[in-house]
Visitor: 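Quick one: the structure is below, questions incoming.
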Protein chains: 2
Amino acid sequence: MNELINIMKALAEPVRLRAWYALREGELCVCQLITVLGLAPSTVSKHLSILHQAGLVQSRQAGKWVYYRLPRTHEKGYVDNIQRELFNVLDEDVALNEFNKKVMQVRKGNMEELCRTITRKRR
Amino acid sequence: MNELINIMKALAEPVRLRAWYALREGELCVCQLITVLGLAPSTVSKHLSILHQAGLVQSRQAGKWVYYRLPRTHEKGYVDNIQRELFNVLDEDVALNEFNKKVMQVRKGNMEELCRTITRKRR
DNA sequence: TACTCATTTCGTCTTTTAACGAAATGTATA
DNA sequence: TATACATTTCGTTAAAAGACGAAATGAGTA
């Protein structure tokens, strides 16, 4: 039950649900997630670690950057089912569709530039 | 999205998940829920109101007693799907099976007596 | 009407959660 | 080796959530 509770807790938070949903169409660098979520790097990092701990996302390091993605398939099969069901619901959500536009923008943009924007903000 | 978040938040809490699961096999009086959950009446009442607000349970009053139950079917169909999926997982859960034994005990027991036990505790 | 009693509401306390900035980490590059 | 810089960790603060008991509510009964 605790495992399920962790998964539910992880997704029962708007920021994390958005972050998770943003990965639906492929991996994203942390700086891209920081940008679309509009929160401080440390805050986003924490959220991602909670999603990671729940087994809902995976990460890989590539040079300076860390990319997060959805697992192709989850260890426990039921998580796949829940994910499918939730995505079906969220795909119809107006607010999330709006958010998704931002994600698509960021996917197209230049990542080096994005990171520099974030670094500049921090001073 | 907010609706979904409310549903997830409601179920992402062990006490509420147990309460909700306890109703799987039919309605229960509040005093029965208080007993199986082992918490103060006011605490249980609050949890039930959160489940109710999320649309996950319904209630009816019968004399002094208030009974809570699962809706036969949810307004939004996707909730039925999620519920089915979660129940499938929870049915396999060892801790919940243990809990379910208590629920079955309480279902068989005398309700008047149960309530009196609770009232006695309060003094 | 007055009383009993199951449940809910209210006020309070404690714990948990989410946000941030500063500092630490660790990789790539000058 | 020193530096730059993306990300994470740590410490702090503010807000939310969960627990309880006391008091309020509201339905049945004497």
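These values consider heavy atoms only, across backbone and side chains, with no hydrogens, waters or symmetry-generated copies. We name chains A, B, ... by the order of the sequence lines, and we start the count at 1 in each one.
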Visitor: Calculate the interatomic distance between Arg120(A) atom CZ and dC5(D) atom C1'; express it in whole Å.
Guide: 13 Å
Visitor: Glu113(A) CD to dC5(D) C1': how many Å, rounded?
Guide: 16 Å
Visitor: Under a 4.0 Å N-O cut-off, is there an ion pair linking Arg60(A) with Glu27(A)?
Guide: yes
Visitor: Partners of Gln61(B) by side chain to side chain contact (heavy atoms under 4.5 Å, CB included), sequence neighbours excluded?
Guide: Val66(B)
Visitor: With a cut-off of 3.5 Å and sequence neighbours excluded, list every side-chain donor-acceptor pair involving residues 108-115 of chain B.
Guide:
{"unit_1": "Asn110(B)", "atom_1": "OD1", "unit_2": "Glu112(B)", "atom_2": "N", "d": "2.8"}
{"unit_1": "Asn110(B)", "atom_1": "OD1", "unit_2": "Glu113(B)", "atom_2": "N", "d": "3.0"}

Visitor: Does OP1 or OP2 of dA6(C) have a side-chain N or O of Thr119(B) closer than 4.0 Å?
Guide: yes
Visitor: What's the CG-P distance between Leu51(B) and dT8(C), to the nearest Å?
Guide: 12 Å
Visitor: Only distances under 3.5 Å count here; give the side-chain donor-acceptor pairs of residues 37-52 of chain B to other protein atoms, sequence neighbours excluded, each with its distance to 0.1 Å.
Guide:
{"unit_1": "His47(B)", "atom_1": "ND1", "unit_2": "Arg16(B)", "atom_2": "NH1", "d": "3.1"}
{"unit_1": "Ser49(B)", "atom_1": "OG", "unit_2": "Lys46(B)", "atom_2": "O", "d": "3.0"}
{"unit_1": "His52(B)", "atom_1": "ND1", "unit_2": "Val57(B)", "atom_2": "O", "d": "3.3"}

Visitor: For the pair made of CZ in Arg60(B) and C1' in dT8(C), what is the distance, rounded to whole Å?
Guide: 18 Å
Visitor: Send over the distance from Arg18(A) CZ to dA18(C) C1', rounded to a whole Å.
Guide: 13 Å
Visitor: Round to a whole Å and report the spacing from CG of Leu37(B) to P of dT7(C).
Guide: 13 Å
Visitor: Taking only residues two or more places apart in sequence, or in another chain, which ones meet Asp80(A) in a side chain to side chain contact (heavy atoms under 4.5 Å, CB included)?
Guide: Thr73(A), His74(A), Arg84(A)
Visitor: Taking the six-membered ring for Trp and the single ring otherwise, decide whether the centroids of Tyr68(B) and Trp20(B) are under 6.0 Å apart.
Guide: no
Visitor: By side chain to side chain contact (heavy atoms under 4.5 Å, CB included), which residues pair with Glu25(A), not counting sequence neighbours?
Guide: Asn100(A), Arg107(A)
Visitor: Residues two or more places apart in sequence or in another chain: which of them pass side chain to side chain contact (heavy atoms under 4.5 Å, CB included) with Arg72(A)?
Guide: none
Visitor: What is the distance, rounded to the nearest whole Å, between atom OH of Tyr67(A) and atom P of dT27(C)?
Guide: 16 Å
Visitor: Considering residues at least two apart in sequence or located in another chain, which fulfil the ring pair (Phe, Tyr, Trp, His ring centres under 6.0 Å) criterion with Tyr78(B)?
Guide: none
Visitor: For nucleotides 17-26 of chain D, give me one character per nucleotide, 5' to 3': B if any protein heavy atom sits under 4.0 Å from the base, S if the only such contacts are to the sugar-phosphate, - if neither.
Guide: SSSBBB----
Visitor: Can you list, in residue-number order, the parts of residues 23-33 of chain B that come under 4.0 Å of DNA chain D, counting heavy atoms only?
Guide: none
Visitor: Just the rounded figure in Å: distance from P of dT7(C) to CG of Leu114(B).
Guide: 9 Å
Visitor: With a non-hydrogen cut-off below 4.0 angstrom, is Tyr68(A) in contact with a base, only sugar-phosphate, or nothing?
Guide: sugar-phosphate
